[in-house]
Asker: 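Structure below; questions to follow.
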Amino acid sequence: MFITNLISFRISVIKEGAMVNKSLMKNINDVLAPKGGVKPAFSKYHIYLALTKLVFEGPLGRKQLSHMLGIGEGSVRTLIRRLLNAKLVITDPVAGVILTKEGLELAKYLVSRIIIVGDKEIDHNELCSNCKISLIVLRNGMKIIEKAGGVLYVRDLIVKKGGNGGLILYYIDNELKMPDTESLYPVSKSRLWEDLLKEHRLGNGDCILASLCHRDDRDCMKYVVEAALDIIEVFENE
């Protein structure tokens, strides 16, 4: 029965968005909260990855999650325990970690908002040489960014998370445009943007959000995903 329900859920994730109540979003911060003065070794990014991996590839064992999240088994054990306490997952001695109804709802919301595109290498840029850019699509991103504090705030947030720079592009009237505090500017066509638009169907008001990092920075995607999660939380609490 669970597998049947999970297959139906996975299909619905692709076809439609999701609503989430504020208490579910609050669970992410509860899972991260220091316990006994000790801050966990995982972050919001790892929670996002765990929930979304469990949607499309679960159930998963501890070793599998450790490999997928890029953190040690001890940290994954702590993460699983906290997800259990938050009632977002259950564990099965054979199958491994399984999302609960509440976990499925939160995961469905997250994947309806954030789509990880991937990393692209950049040879020359004014911010650094031998760089890469980590890209996500943020559904309804224009509205989320404006409510969360605007484009400058979000760019600064990506840098605060660890990026060398941040990039925001709005998709408006079938075109990518770069916003600033006063206007919107057309984006020059490139193979990068053309390929992205072919692979991901953007809707009016969606945006591309990216962190720019040195090529050897393994956490580049983490910076932009965590910035997106922060502004989504602000948006949901408005």
Side-chain angles (χ1 to χ4, degrees), residues 12-20 45 48 52 56 108-215 217 220-236 238:
S12 69
V13 166
I14 303 299
K15 288 185 175 179
E16 60 186 42
M19 298 297 292
V20 68
Y45 174 63
Y48 168 86
T52 55
F56 294 107
K108 181 175 182 178
Y109 178 77
L110 292 175
V111 297
S112 74
R113 287 294 192 199
I114 300 172
I115 299 171
I116 291 181
V117 176
D119 297 333
K120 307 291 182 182
E121 292 187 351
I122 301 174
D123 291 328
H124 300 287
N125 186 275
E126 63 271 16
L127 293 178
C128 64
S129 59
N130 295 321
C131 294
K132 67 180 176 184
I133 187 169
S134 293
L135 299 147
I136 66 170
V137 172
L138 183 61
R139 299 295 188 194
N140 200 27
M142 184 174 177
K143 186 175 182 180
I144 292 171
I145 288 169
E146 296 307 318
K147 279 197 172 183
V151 293
L152 294 183
Y153 169 77
V154 176
R155 286 176 192 153
D156 288 345
L157 182 58
I158 295 171
V159 173
K160 183 178 178 181
K161 295 291 182 181
N164 291 81
L167 174 69
I168 298 168
L169 300 178
Y170 289 160
Y171 190 70
I172 302 173
D173 298 328
N174 299 317
E175 290 184 344
L176 285 174
K177 297 183 179 180
M178 183 176 291
D180 65 11
T181 55
E182 297 180 355
S183 188
L184 295 168
Y185 300 93
V187 175
S188 300
K189 290 186 178 180
S190 71
R191 182 67 178 271
L192 173 62
W193 306 131
E194 289 176 358
D195 288 348
L196 189 151
L197 292 175
K198 286 179 183 177
E199 293 173 14
H200 303 277
R201 185 179 297 175
L202 271 64
N204 202 44
D206 289 347
C207 82
I208 296 169
L209 201 59
S211 53
L212 184 70
C213 310
H214 291 292
R215 193 167 293 181
D217 190 337
C220 197
M221 184 61 72
K222 173 184 171 184
Y223 308 143
V224 66
V225 171
E226 291 199 352
L229 289 169
D230 281 1
I231 62 175
I232 286 171
E233 183 179 0
V234 172
F235 176 76
E236 290 299 333
E238 283 291 324

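Numbers for residues simply follow the sequence, beginning at 1.
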Asker: May I ask you to test the Val137-Tyr171 pair for a side-chain heavy-atom distance under 4.5 Å?
Answerer: no
Asker: What side-chain donor-acceptor pairs closer than 3.5 Å can you find for residues 199-206, not counting sequence neighbours?
Answerer:
from	atom 1	to	atom 2	distance (Å)
Asn204	OD1	Asp173	N	2.8
Asp206	OD1	Asn140	N	2.8
Asp206	OD2	Arg139	NH1	2.8
Asp206	OD2	Gly203	N	2.7

Asker: What's the separation between atom CG in Leu184 and atom CD in Glu175, rounded to the nearest 0.5 Å?
Answerer: 10.5 Å
Asker: Can you see which heavy atom on Tyr109 is nearest to which on Ser112, and at what distance?
Answerer: O-OG, 2.7 Å
Asker: Taking side-chain contact (heavy atoms from CB on, under 4.5 Å) as the test, write out the residues that go with Val159, two or more places apart.
Answerer: none
Asker: Contact between Leu212 and Leu167 at the side-chain level, heavy atoms closer than 4.5 Å - yes or no?
Answerer: no
Asker: What distance do Lys120 atom NZ and Cys220 atom SG have between them, rounded to the nearest 0.5 Å?
Answerer: 13.5 Å
Asker: The criterion is side chain to side chain donor-acceptor pair (under 3.5 Å); which residues satisfy it with Tyr170, sequence neighbours excluded?
Answerer: Glu146
Asker: What's the separation between atom CD1 in Ile208 and atom CG in Leu197, rounded to the nearest 0.5 Å?
Answerer: 6.0 Å
Asker: May I ask you to check if the distance between the SG atoms of Cys131 and Cys213 is under 2.5 Å?
Answerer: no
Asker: Tell me the closest heavy-atom pair linking Val111 and Ile115, and the distance in Å.
Answerer: O-CG1, 4.1 Å
Asker: Going by the rule side-chain contact (heavy atoms from CB on, under 4.5 Å), which residues pair with Met221 if we only count those two or more places apart in sequence or in a different chain?
Answerer: Tyr45, Ile116, Asp119, Ser134, Ile136, Val224, Val225
Asker: Which residues pass the disulfide bond (SG atoms under 2.5 Å apart) test with Cys207, sequence neighbours left out?
Answerer: none
Asker: Quick one: closest heavy-atom pair of Ile168 and Val151, and the distance?
Answerer: CD1-O, 3.5 Å
Asker: Measure across Val234 and Ala148 and return the closest heavy-atom pair with its distance rounded to 0.1 Å.
Answerer: CG1-CA, 3.9 Å
Asker: Would you indicate whether the side-chain heavy atoms of Ile158 and Leu209 approach each other to under 4.5 Å?
Answerer: yes
Asker: Are the side chains of Ile231 and Ile145 in contact, using a 4.5 Å heavy-atom criterion?
Answerer: yes
Asker: I'd like to check the side-chain contact (heavy atoms from CB on, under 4.5 Å) partners of Ser190; sequence neighbours left out, ordered by chain and number.
Answerer: Leu192, Trp193
Asker: Going by salt bridge (charged side-chain N to carboxylate O under 4.0 Å, His left out), name the pairs with one or both residues in residues 148-162, residues two or more places apart or in two chains.
Answerer: Lys161-Asp230
Asker: Is there side-chain contact between Leu138 and Ile114, with heavy atoms separated by less than 4.5 Å?
Answerer: yes
